[in-house]
Amino acid sequence: MIYSRETDNKWQSFWESKKVFAIDVKNSAKPKYYCLVMFPYPSSELHVGHARNYIIGDAVARYKKMHGFYVLNPMGWDAFGLPAENQAIKHKIHPREWTLKNIKKITEQLKGWGIGYDWSREITTCLPVYYKWTQWIFLKLYNKGLAYRKEAPVNWCESCKTVLANEQVIEGRCERCSTEVKQKVLRQWFFKITDYAQRLLDDIKLLEQWPERVKTMQNNWIGRSEGVGIDFVVENSKIKLNCFTTRVDTIFGATFLALNWGHASLEELIKDSPSKKDIEKFIEKIKGESLSPRRLENLAKEGIFTGKYALNPMTGKKIPIWIANYILAGYGSGAAMCVPAHDARDFEFAKKYKLPVVEVVKAPQSQANSKQLKKAYEGEGLLVNSGKFDGLSSKKAKVNIADYMEANNIGKRGLNYKLRDWLVSRQRYWGAPIPIIYCPSCGQVPVPEGDLPVLLPEVKEFLPTGKSPLTYIDEFHKTKCPKCGAKARRETDTMDTFVDSSWYYLRYISPREANKPFITKDIDKWLPVDQYIGGVEHAILHLMYSRFINKFLMDEGLVKSPEPFKRLFTQGMIVKDGAKMSKSKGNVVSPDYILNKYGADTMRLYILFMGPPQKDAEWQDEGLQGIWRFIQRALRLVDVLGEYKAGAGPKEYNLQEKNLLKKIHSTIKEVTRDLEGNFQFNTAISRVMELVNQTYKSLAQGSLRKEIFKEAVDTTFLLLSPFTPHISEEVNEILGNKSSILNRSWPKVDENHLKEEELEVAVLVNGKVKAKLKINVNWPQEEIKSKALALEKVKKLLSQKPPKKVIYVERKIINIVA
RNA sequence: GCCGAGGUGGCGGAAUUGGCAUACGCGCCGGUCUCAAAAACCGGUGGGGGCAACUUCAUGCGGGUUCAAGUCCCGCCCUCGGCACCA
């Protein structure tokens, strides 16, 4: 059989015209299987690096279909957001035009690779029919107080001219353009994901089938810590500064407080300070400091005294209140009690500004003779200088001091999370408008549900200015208050694109529904997603946001499943010459070239064969060539079979037939195990290669009856069909099957062919292989052992002495200890 | 610093969980075909030693358990990924 691009086209048209992959969500004749690949950002053509994702997803979907599942495998487009807008500015066309053009191109590519999607469910997040419901979800959150607007220190990217969510700041830099992110105080929209922190943390345990590292990353990102929130009373003032600490056992060593420059009470604290000017100057200076870790390493701790004192509630002593550049804004209240003796940062700060260092925890082994601490001791130990708590262990002291504080209204046990509320407003054009109206008399008013969608207007200029381009469109922002009818102004910020993608997997179930975002009854049937596949770069961002939105929708009674994605598979990157493929590096491998030269199945099979799919893999053209050879070699068998003439054999199978049957069925067994485990496509494929090799070997050894030969060929292409659907369909047809190979079931193992009575075991002397022995499994152990001992080779090595011990491991080895 | 994954031929990688290390593929070597080359096909291929049967050393390093260790235990080294001034 000759495999060419014609074969690809033939079967792609067949699948499309027969609507093989279209499903009806109401149909429940078979068990459902929701296979989902993370939908792409349509920002350019796809290269082979991108292809891995879709090929894995398609292989899974086809495999499950052959196992009798009713498989939903949809595709859509994450089409809003900064990259599209930036690219559109560069190419001087409207983001929508540019995006839709890319979608068209990528669709053709995916179809050309034979990926079997239900295209009738295609969704595009930048179209009003979709973002209407993104806005609807915003309003739902708003009504529950989970979408709110407040002034807060936020991350600002000077190059993208917009704010960013915490999760979009990677090592202190903008996720998209790598510009160092600055802090600014701005009034912005947030989703209160922190309300769900504990549930997001607890439910990680429901994600049994997720990669360990992704779960760990989420765990760390949520970053729960237990401690005590202590109220420090400011001297001569009504202000109380609440400081969270996990080390309440060190409270007697708290010799100063430090505040973030954006702390809520700061203005009040310094309003009548004589050095107010200096303090303000200092704040201006540290405001601009970058937060990238590289800078942080070199960044000296700096601060300024506010002129005010607080009282240490345990010692009763006055302790100065400072503003310091190392105090984070969003953690706790943005104020910390500082214990220089037991915290490295506080120690550095105290040394610099000559603040007192009071040691209150002694390391268990150390003797109290070092008067001067050289560095902070951060471990646990026994308390000293701590009044009536002296002598207690840190552990015990944490309990006792917290009890004491709670009894005396000094502090309260509490929790803190590193997770911050999700900042969702963006000062950019290409996103879903936030459905809020500002009325001079009614204040903040949500757009009534019936007025949705708030359409994104046509804009000619959308260069980033730091304000949303919508600010300049009068027809857009000038509106009437839905409550009182007075002149009002629309919100001009748009939503973070991660809001769009946080619920798309629900929309696939009822993509054309006009009155609701989705139909709960159908969702409850199809959710959770059985297998989610995508890049590990979304381990926190998208996967945390989706879990949050899903839980919120569950609280609203709109979905039943507490988690959206049951199983998650994160595939590795394909690299070339040791680097990620990119146009600028010039190491992009174009699929078009491969398709024309070798066909889609060669590319698919090679990508699956490259290595374990969860690991990065290096693209090598030679490897692709090898797969091409294998495919040709396998297809040649089809031709040989076509012309094969063999008379009916005797009743008993001959040796080569037995070998081949055994190989066929052990291959089915092992390939199935590889795929049921963790998608070990690479080993599954290598086993089919072995089957093909064995078929040639058996043919060379003597004649086979035709049905066994045919079974070998048929099994080969059935097992390959999730990976190489085009040639498998073709062979399936040649072998005389009338319907698509997708309608056939996965081959079954016949254990009879795996049983064998005669086999060869290794004979080891002192743990090293020295000989082989043919045995019959029915022989008694003693016979097998004595046969092994009777081997010439063994006798020589034992040199007449009796062996110390002989161990027989069934069907495997005989180890003789000399 | 903390958390996670990993270290096996010239290369990508296997190894049914303690039982014949290096499956499968790439590359390399030899052969067939050809005037020749490429492609294709067939065979060989962990390192050292030996004409050879054979022998010896090999799964990051050092110990240990065991008849038997890539796999288990103890102690190190290195690489990759994530988080990181979180009080």
Side-chain angles (χ1 to χ4, degrees), chain A residues 170-172 211-221 223-225 227 243-248 250 254 257-258 291 293 296-297 299 301 324-332 334-339 342-346 348-349 378 416-420 536-537 539-540 572 606 609-612 614-627 629-630 632-633 636 666 669-670 673-674 680 682-690 692-693 696 700 760-772 793 803-818:
Chain A
I170 312 292
E171 300 203 323
E212 211 48 51
R213 62 171 168 162
V214 174
K215 291 197 279 187
T216 313
M217 281 161 79
Q218 293 220 349
N219 214 322
N220 294 343
W221 190 260
R224 176 190 151 115
S225 34
C243 299
F244 177 78
T245 180
T246 54
R247 289 297 304 271
V248 73
T250 64
L257 298 185
L291 293 173
L296 282 176
E297 267 174 39
L299 194 63
K301 304 222 174 335
N325 64 344
Y326 70 98
I327 299 300
L328 296 171
Y331 192 73
M337 74 169 212
C338 298
V339 186
H342 304 292
D343 182 285
R345 298 155 299 173
D346 298 343
E348 186 191 330
F349 194 81
E378 295 185 319
N416 242 307
Y417 299 90
K418 289 191 202 176
L419 185 72
R420 307 291 149 79
V536 73
E537 67 272 17
I540 294 173
Y606 173 55
F609 182 65
M610 289 178 84
Q614 67 277 16
K615 280 181 65 182
D616 288 356
E618 169 84 26
W619 179 275
Q620 278 168 328
D621 287 337
E622 292 83 3
L624 185 72
Q625 186 77 33
I627 287 293
R629 273 198 287 272
F630 163 70
Q632 295 306 309
R633 190 170 146 81
R636 223 174 302 126
S666 66
K669 194 173 184 172
E670 286 166 350
R673 197 184 52 216
D674 285 348
Q680 297 172 62
N682 53 330
T683 52
I685 293 164
S686 76
R687 296 186 206 285
V688 182
M689 287 171 168
E690 284 184 64
V692 170
N693 291 345
Y696 275 106
E760 203 179 59
V761 293
V763 181
L764 286 67
V765 176
N766 289 332
K768 292 190 173 173
V769 188
K770 294 294 174 185
K772 297 279 163 117
K793 178 91 198 199
K804 282 195 191 120
K805 211 170 176 183
V806 180
I807 296 140
Y808 172 57
V809 182
E810 233 179 300
R811 291 166 171 268
K812 278 175 184 150
I813 54 142
I814 302 157
N815 193 11
I816 297 160
V817 188

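The chains referred to below are lettered A, B, ... by the order of the sequence lines, with proteins before strands, and numbering in each begins at 1.
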Given RNA chain B, 5'-ward residue of the pair Thr216(A) and Arg247(A), judged by closest heavy atom: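 Its nucleotide being nearer the 5' end, the pick is Thr216(A).
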What integer number of Å spans the [atom1] atoms of [N] and [M]?
{"N": "C35(B)", "M": "C51(B)", "atom1": "C1'", "answer": "38 Å"}
{"N": "C24(B)", "M": "A15(B)", "atom1": "P", "answer": "14 Å"}
{"N": "G47(B)", "M": "G9(B)", "atom1": "P", "answer": "12 Å"}
{"N": "C76(B)", "M": "A23(B)", "atom1": "C1'", "answer": "32 Å"}
{"N": "U66(B)", "M": "C73(B)", "atom1": "P", "answer": "16 Å"}
{"N": "U22(B)", "M": "G10(B)", "atom1": "C1'", "answer": "14 Å"}
{"N": "U59(B)", "M": "C54(B)", "atom1": "P", "answer": "24 Å"}
{"N": "G70(B)", "M": "C57(B)", "atom1": "P", "answer": "14 Å"}

Using a distance-only criterion (donor-acceptor N/O pair, under 3.5 Å, no hydrogens), is the base of [N] paired with the side chain of [X]?
{"X": "Lys768(A)", "N": "C20(B)", "result": "no"}
{"X": "Arg420(A)", "N": "C86(B)", "result": "yes"}
{"X": "Lys418(A)", "N": "C83(B)", "result": "no"}

Checking Gln614(A) against Arg213(A) for the side-chain contact (heavy atoms from CB on, under 4.5 Å) test, could you report, in this order, the C-alpha distance in whole Å, the side-chain angles of both residues, the deciding distance, and whether it holds? CA-CA 12 Å; Gln614(A) 67 277 16; Arg213(A) 62 171 168 162; 5.7 Å; no
Which of these, Val817(A), Ile814(A), Ile813(A), Val809(A), sits in a side chain to side chain contact (heavy atoms under 4.5 Å, CB included) with Leu764(A)? Ile813(A)
Main chain of [Y], side chain of [X]: is a donor-acceptor contact present, judged purely on distance under 3.5 Å?
{"X": "Arg247(A)", "Y": "Glu378(A)", "value": "yes"}
{"X": "Arg420(A)", "Y": "Lys418(A)", "value": "yes"}
{"X": "Tyr606(A)", "Y": "Gln620(A)", "value": "yes"}

Let's test this: given Watson-Crick or G-U wobble pairing with both distances under 3.5 Å, identify the partner of [N].
{"N": "G4(B)", "result": "C80(B)"}
{"N": "C20(B)", "result": "none"}
{"N": "U45(B)", "result": "G27(B)"}
{"N": "A36(B)", "result": "none"}
{"N": "A53(B)", "result": "none"}
{"N": "G75(B)", "result": "C61(B)"}
{"N": "A15(B)", "result": "none"}

Determine, stepwise, if the pair Met610(A) / Ile627(A) fulfils side-chain contact (heavy atoms from CB on, under 4.5 Å). CA-CA 10 Å; Met610(A) 289 178 84; Ile627(A) 287 293; over 6 Å; no
Given [options], the nucleotide with the shortest approach to the side chain of [X]:
{"X": "Ala762(A)", "options": "C20(B), A87(B), G4(B)", "result": "C20(B)"}
{"X": "Val769(A)", "options": "A87(B), A84(B), A21(B)", "result": "A21(B)"}
{"X": "Arg213(A)", "options": "G81(B), A87(B), G13(B)", "result": "G81(B)"}
{"X": "Asn220(A)", "options": "C85(B), G82(B), G4(B)", "result": "G82(B)"}

Strictly under 4.0 angstrom, non-hydrogen atoms only: write out the protein contact profile of nucleotides 48-55 of chain B, one letter per nucleotide from the 5' end, B, S or -. ------SS
How would you summarise protein contacts on nucleotides 24-32 of chain B per nucleotide, using B for base, S for sugar-phosphate only and - for none, with heavy-atom distances below 4.0 Å? BSSS-----
Roughly how many Å is it from [atom1] in [X] to [atom2] in [N], rounded to a whole number?
{"X": "Lys615(A)", "N": "C11(B)", "atom1": "NZ", "atom2": "C1'", "answer": "13 Å"}
{"X": "Lys215(A)", "N": "G4(B)", "atom1": "NZ", "atom2": "C1'", "answer": "12 Å"}
{"X": "Tyr417(A)", "N": "A84(B)", "atom1": "OH", "atom2": "C1'", "answer": "20 Å"}
{"X": "Arg636(A)", "N": "A40(B)", "atom1": "CZ", "atom2": "P", "answer": "10 Å"}
{"X": "Asp616(A)", "N": "G82(B)", "atom1": "CG", "atom2": "P", "answer": "11 Å"}
{"X": "Gln680(A)", "N": "G13(B)", "atom1": "CD", "atom2": "C1'", "answer": "12 Å"}
{"X": "Asn416(A)", "N": "A87(B)", "atom1": "CG", "atom2": "P", "answer": "8 Å"}
{"X": "Arg345(A)", "N": "G1(B)", "atom1": "CZ", "atom2": "C1'", "answer": "12 Å"}

By side chain to side chain donor-acceptor pair (under 3.5 Å), Thr683(A) pairs with (sequence neighbours left out) Asp674(A)
Residues in side chain to side chain donor-acceptor pair (under 3.5 Å) contact with Gln218(A), at least two apart in sequence or another chain: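 Expected list: Arg547(A).
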Indicate whether OP1 or OP2 belonging to A15(B) is found under 4.0 Å from a side-chain N or O atom of Thr683(A).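 No.
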Does Pro211(A) reach a base, just sugar-phosphate, or nothing at all? Heavy atoms under 4.0 Å. nothing
Taking any heavy-atom pair under 4.0 Å as a contact, classify Glu537(A): base, sugar-phosphate, or nothing. nothing
How would you label the glycosidic angle of G46(B): syn (within 90° of 0) or anti?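 Classified anti.
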Tell me whether U59(B) sits syn or anti, counting syn as a glycosidic angle within 90° of 0. anti
Going by salt bridge (Lys or Arg N to Asp or Glu O under 4.0 Å), name the residues that satisfy it together with [X], two or more places apart in sequence or in a different chain.
{"X": "Glu690(A)", "result": "Lys663(A)"}
{"X": "Asp343(A)", "result": "Arg345(A)"}
{"X": "Arg224(A)", "result": "Glu226(A)"}

Got a sec, which residues hit ring pair (Phe, Tyr, Trp, His ring centres under 6.0 Å) with Tyr326(A), two or more places apart in sequence or on another chain? Phe349(A)
Residues two or more places apart in sequence or in another chain: which of them pass ring pair (Phe, Tyr, Trp, His ring centres under 6.0 Å) with Trp221(A)? none
Sequence neighbours left out, what passes side chain to side chain contact (heavy atoms under 4.5 Å, CB included) with Lys215(A)? Give chain and number order. Ile204(A), Leu207(A), Trp210(A), Glu212(A)
Hits for side chain to side chain contact (heavy atoms under 4.5 Å, CB included) against Glu760(A), two or more places apart or cross-chain, chain-then-number order -> Lys772(A), Lys774(A)
I'd like a list of close polar pairs between nucleotides 63-71 of chain B and the protein, N/O only, cut-off under 3.5 Å.
from	atom 1	to	atom 2	distance (Å)
C67(B)	O2'	Asn815(A)	ND2	3.3
C67(B)	O2	Asn815(A)	ND2	2.8

